[in-house]
Amino acid sequence: FFSGGWMLYRKQYVKGAIITAIIGLLMIGSLFINNAYTVDIATNLLQNAGISSSSSVSDIQQHMPEIMIEMEKLPLTDKILYFLPSVLNMLRYAISIFLGVFGNKLYYKHCMHHIRKIKSDDNGLGESASDKLQTSGGVNTKIAICLLICTMIINYIPYFIN
């Protein structure tokens with residue numbers, strides 16, 4: 001779930017920053033569109049179908065044919081805005097699943113590239129290759145904690161607006 005953060009935690013800074021930015025933009029876009037448009041469109045759909053927005057889920061399910069008729073009447077832009085948050089979330093999850101499956105392989109390639117670079121830069125002056133490997137290895141816990149806090153803030157901002 002924290003694919004960009006995991007990459008940053010594992011010191012894959014460029015890839016991790018790009019993935020984190022993409023996932024962050026998808027998350028913010030989804031939350032913004034949902035709060036600015038989708039909720040109003042859904043409320044209007046229910047009202048136009050003659051259903052109270054405070055109705056139970058079972059009542060709404062019983063009136064699904066009426067809701068679908070009203071959905072067909074929506075302009076194309078409203079249909080896009082209604083489904084766009086779900087599409088953005090699916091993209092976000094697809095990226096996370098992809099990195100969950102291939103993340104270790106990407107990390108392995110990153111490590112091997114980094115190790116080869118350190119060994120080729122070892123010219124016998126100063127720090128040895130094993131010392132450089134020891135100091136450059138490990139993880140970056142501070143950045144992982146920072147990203148976790150930022151993700152929580154982004155997720156909970158909509159609850160404090162309005």
Side-chain angles (χ1 to χ4, degrees), residues 1-114 137-162:
F1 292 108
F2 304 109
S3 50
W6 179 82
M7 294 179 95
L8 291 169
Y9 172 73
R10 289 293 186 176
K11 295 185 177 180
Q12 299 178 72
Y13 295 120
V14 174
K15 292 176 192 171
I18 291 169
I19 296 298
T20 300
I22 290 169
I23 288 175
L25 289 172
L26 290 171
M27 183 185 302
I28 290 169
S30 174
L31 290 170
F32 173 76
I33 293 168
N34 190 48
N35 289 334
Y37 302 105
T38 307
V39 172
D40 293 335
I41 293 169
T43 303
N44 289 336
L45 274 175
L46 291 176
Q47 287 176 351
N48 293 342
I51 304 166
S52 169
S53 59
S54 63
S55 297
S56 69
V57 173
S58 61
D59 288 341
I60 292 172
Q61 287 175 340
Q62 289 175 353
H63 291 86
M64 196 53 73
E66 294 91 349
I67 294 171
M68 295 309 294
I69 290 169
E70 292 301 321
M71 177 71 80
E72 290 174 6
K73 294 178 187 177
L74 286 176
L76 181 60
T77 54
D78 284 355
K79 288 178 185 176
I80 291 171
L81 288 171
Y82 185 79
F83 290 106
L84 192 55
S86 297
V87 171
L88 294 177
N89 284 331
M90 284 189 282
L91 278 171
R92 199 173 91 215
Y93 294 132
I95 291 169
S96 294
I97 290 169
F98 174 82
L99 289 172
V101 172
F102 296 105
N104 280 335
K105 182 76 169 175
L106 292 171
Y107 179 57
Y108 175 79
K109 286 181 179 183
H110 167 79
C111 289
M112 294 308 295
H113 172 75
H114 196 66
V139 295
N140 189 338
T141 307
K142 293 175 189 171
I143 202 162
I145 292 170
C146 179
L147 281 171
L148 180 62
I149 291 168
C150 290
T151 302
M152 289 171 54
I153 289 170
I154 289 171
N155 276 326
Y156 289 106
I157 281 177
Y159 295 111
F160 297 107
I161 297 175
N162 290 339

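None of the values given here were measured: they were computed from a predicted structure. Atom set for the values below is all heavy atoms of this structure, side chains included, hydrogens, waters and symmetry mates excluded.
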Mind checking side-chain contact (heavy atoms from CB on, under 4.5 Å) for Ile19 and listing every partner two or more places apart, or none if nothing turns up?
Ser3, Met7, Ile23, Ile95, Leu99
Using the salt bridge (charged side-chain N to carboxylate O under 4.0 Å, His left out) criterion, which residues pair with Lys73? Sequence neighbours excluded.
Glu70
Below 3.5 Å, can you tabulate the donor-acceptor pairs from side chains in residues 76-91 to any protein atom, sequence neighbours excluded?
residue: Lys79; atom: NZ; partner: Glu72; partner atom: O; Å: 3.4
residue: Asn89; atom: OD1; partner: Ser30; partner atom: OG; Å: 3.3
residue: Asn89; atom: OD1; partner: Arg92; partner atom: NH1; Å: 3.0
residue: Asn89; atom: ND2; partner: Ser30; partner atom: OG; Å: 3.2
residue: Asn89; atom: ND2; partner: Pro85; partner atom: O; Å: 3.3

Among residues at least two apart in sequence or on other chains, which ones pass side-chain contact (heavy atoms from CB on, under 4.5 Å) with Ile28?
Ile154
Name all pairs fulfilling the ring pair (Phe, Tyr, Trp, His ring centres under 6.0 Å) condition that reach into residues 137-156, sequence neighbours left out, sorted by first residue then second.
Tyr156-Tyr159
Just to verify, which of Thr141, Leu147, Leu148 counts as forming a side chain to side chain contact (heavy atoms under 4.5 Å, CB included) with Ile145?
Thr141
Got a sec, which residues hit side-chain hydrogen bond (donor to acceptor under 3.5 Å, both in side chains) with Asp59, two or more places apart in sequence or on another chain?
Ser56
Identify, with sequence neighbours excluded, every residue that meets ring pair (Phe, Tyr, Trp, His ring centres under 6.0 Å) alongside Phe98.
Phe102
So for atom CE, which belongs to Met68, do other residues, nucleotides or ligands contribute more than 12 heavy atoms lying within a distance under 6.0 Å?
no
List for me each residue that meets side-chain hydrogen bond (donor to acceptor under 3.5 Å, both in side chains) alongside Thr38, sequence neighbours excluded, and say none if there are none.
none
Across all chains, not counting sequence neighbours, the ring pair (Phe, Tyr, Trp, His ring centres under 6.0 Å) partners of Tyr108 are none
Report, one line per pair, each donor and acceptor closer than 3.5 Å where one atom sits in a side chain of residues 43-52; sequence neighbours left out.
residue: Thr43; atom: OG1; partner: Val39; partner atom: O; Å: 2.8
residue: Asn44; atom: ND2; partner: Asp40; partner atom: O; Å: 3.3
residue: Asn48; atom: ND2; partner: Asn44; partner atom: O; Å: 3.3
residue: Ser52; atom: OG; partner: Ser54; partner atom: N; Å: 3.2
residue: Ser52; atom: OG; partner: Ser54; partner atom: OG; Å: 2.9

Just wondering, are more than 12 heavy atoms of other shown residues or ligands nearer than 6.0 Å to CE in Met112?
yes
Check side-chain contact (heavy atoms from CB on, under 4.5 Å) between Asn104 and all other residues, then give those that pass, not counting sequence neighbours.
Trp6
side-chain hydrogen bond (donor to acceptor under 3.5 Å, both in side chains) against Asn140, all qualifying residues, sequence neighbours excluded
Tyr13
